[in-house]
Amino acid sequence: MAGYDDRDGKIWMDGKLVEWREAKVHILTHALHYASSVFEGERCYNGKIFKSVEHSERLRRSGELLDMPLPYTVEEIEAAKKATLEANGLTDAYVRALAWRGAGEDMGVASSRNPIRVAVAVWSWGNYYGDAKFKGARLDISKWKRPSPETIPSAAKASGLYMICTMSKHAAEAKGCSDAMMFDYRGYVAEATGANIFFVKDGEVHTPLPDAILNGITRQTVIGMLRDKGIKVHERYIEASELEGFEQCWLTGTAAEVTPVGQIGDYSFEVGALTREIATDYEKLVRA
């Protein structure tokens, strides 16, 4: 496909649909210099965005955490997403809602006089990890750690927080891996660069406590699915030394959906029955 700047279609920007190639911002846009932006990644299945309202609500909360109150209500964001999907003729798509501080009177760190802008783009996007959904993704272990919530607003899906994720994933791909697992500032297992992580041992599930990472909407959905099945889920701190004792592993996220993991560094995991069951059940749920 063509680059993301050179496609046919429409993008919703600041209350109206514009031609895809004309969806532009000025070089002195504040977000480009100071990462004053937040976003959501969502998937539309059979014409319905999964957990759409929850994503719109989180977009607004993220903006508030960055002292960037969005000029649109949840209902208006919902309408914008629907209009963008219809304008592009898509019923199965990835949906990207984005809010940022634009160009204005300020061009330093402070930017309270600059307008807050909002856009929605949609496009077709297959499996985030390619064939890893069948054989298990291979993960590197990142040298970068997720920062303390005293350092960054970890509850916000803020663009600037993904800088070390990009660096980690580039390093992982250079080694032939699909992604990288990151530890947090204390040395506990945290997440992958854009997905939450789960482990299985003796029929029970273990996943990092989300006190320094984003508590993903897909993560919360999968935990609910597991508990509905009567499977015990432990949300807790996970030591690096525990990796060798886990039997199965998977990632969750809007883009990742439920993706099995076959290897993290030197540690191997089976794509076991529970992993396959949850992946299948999630696929059924989002298309229900």
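Counting from 1, the numbers follow the sequence of the chain as shown. These values consider heavy atoms only, across backbone and side chains, with no hydrogens, waters or symmetry-generated copies. Please read these numbers as outputs of a predicted model, since none were measured by experiment.
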Check ion pair Arg287-Glu283 (N to O, under 4.0 angstrom): yes
Sole residue of Lys145, Arg219, Arg146 in salt bridge (Lys or Arg N to Asp or Glu O under 4.0 Å) with Glu191: Arg146
side-chain contact (heavy atoms from CB on, under 4.5 Å) against Tyr185, all qualifying residues, sequence neighbours excluded: Ser148, Pro149, Ala212
Near-ring test Phe246/Phe198, centroid separation under 6.0 angstrom: no
All pairs passing side-chain hydrogen bond (donor to acceptor under 3.5 Å, both in side chains) where residues 193-203 contributes a residue, at least two apart: Asp179-Thr193
Spatial distance of atom CD (Glu54) from atom CG (Leu59) [nearest 0.5 Å]: 14.0 Å
Pair Tyr4 + Trp123: ring centers closer than 6.0 Å: yes
Sequence neighbours excluded and cut-off under 3.5 Å, please list the side-chain donor-acceptor pairs for residues 270-278, or say none.
unit_1: Thr275; atom_1: OG1; unit_2: Gln248; atom_2: OE1; d: 2.7
unit_1: Arg276; atom_1: NH1; unit_2: Val271; atom_2: O; d: 2.5
unit_1: Glu277; atom_1: OE2; unit_2: Lys229; atom_2: NZ; d: 2.7

Crowding at CG, Asp14 (>12 non-hydrogen neighbours, <6.0 Å): yes
Derivation and outcome, side-chain contact (heavy atoms from CB on, under 4.5 Å), residues Met68 and Ser111: CA-CA 10 Å; Met68 205 176 74; Ser111 60; over 6 Å; no
Test item: Phe199 and Ile238 side chains (from C-beta on) under 4.5 Å apart, heavy atoms: yes
Within 6.0 Å of CG in Asp6, more than 12 heavy atoms from elsewhere: yes
Salt-bridge present (Glu78, Lys81; N to O < 4.0 Å): yes
Ser142 side chain to Trp144 backbone, donor-acceptor under 3.5 Å: yes
Positive for salt bridge (Lys or Arg N to Asp or Glu O under 4.0 Å) with Glu40, one of Lys51, Arg60, Lys157, Arg58: Arg58
Ring centroid separation Phe50 to Tyr282 under 6.0 Å: yes
Between CD on residue Gln263 and CE on residue Met181, distance to nearest 0.5 Å: 12.5 Å
Separation between SG of Cys177 and CD1 of Ile141, rounded to the nearest 0.5 Å: 9.5 Å
Between OG1 on residue Thr207 and CD1 on residue Ile223, distance to nearest 0.5 Å: 5.5 Å
Parallel, tilted or perpendicular: ring planes of Tyr188 versus Tyr237, cut at 30 and 60 degrees: parallel
Pairwise distance CG(Leu139) to CD1(Ile197) - rounded to 0.5 angstrom: 6.0 Å
Heavy-atom closest pair, residues Pro208 and Ile213: CB-CD1, 4.4 Å
Residue Met107 excluded, over 12 heavy atoms near CE under 6.0 Å: yes
Short N-O contact, Lys169 and Asp140, less than 4.0 angstrom: no
For His30 against Ser36, the heavy-atom pair lying closest together: ND1-OG, 2.7 Å
Inter-residue atom distance Leu243.CG - Tyr267.OH, 0.5 Å rounding: 5.5 Å
Cation-aromatic face contact Arg186/Phe183, 6.0 Å, 45 degrees: no
Test log, rule salt bridge (charged side-chain N to carboxylate O under 4.0 Å, His left out), inputs Lys24 and Asp5: CA-CA 9 Å; Lys24 300 177 181 179; Asp5 61 338; over 6 Å; no
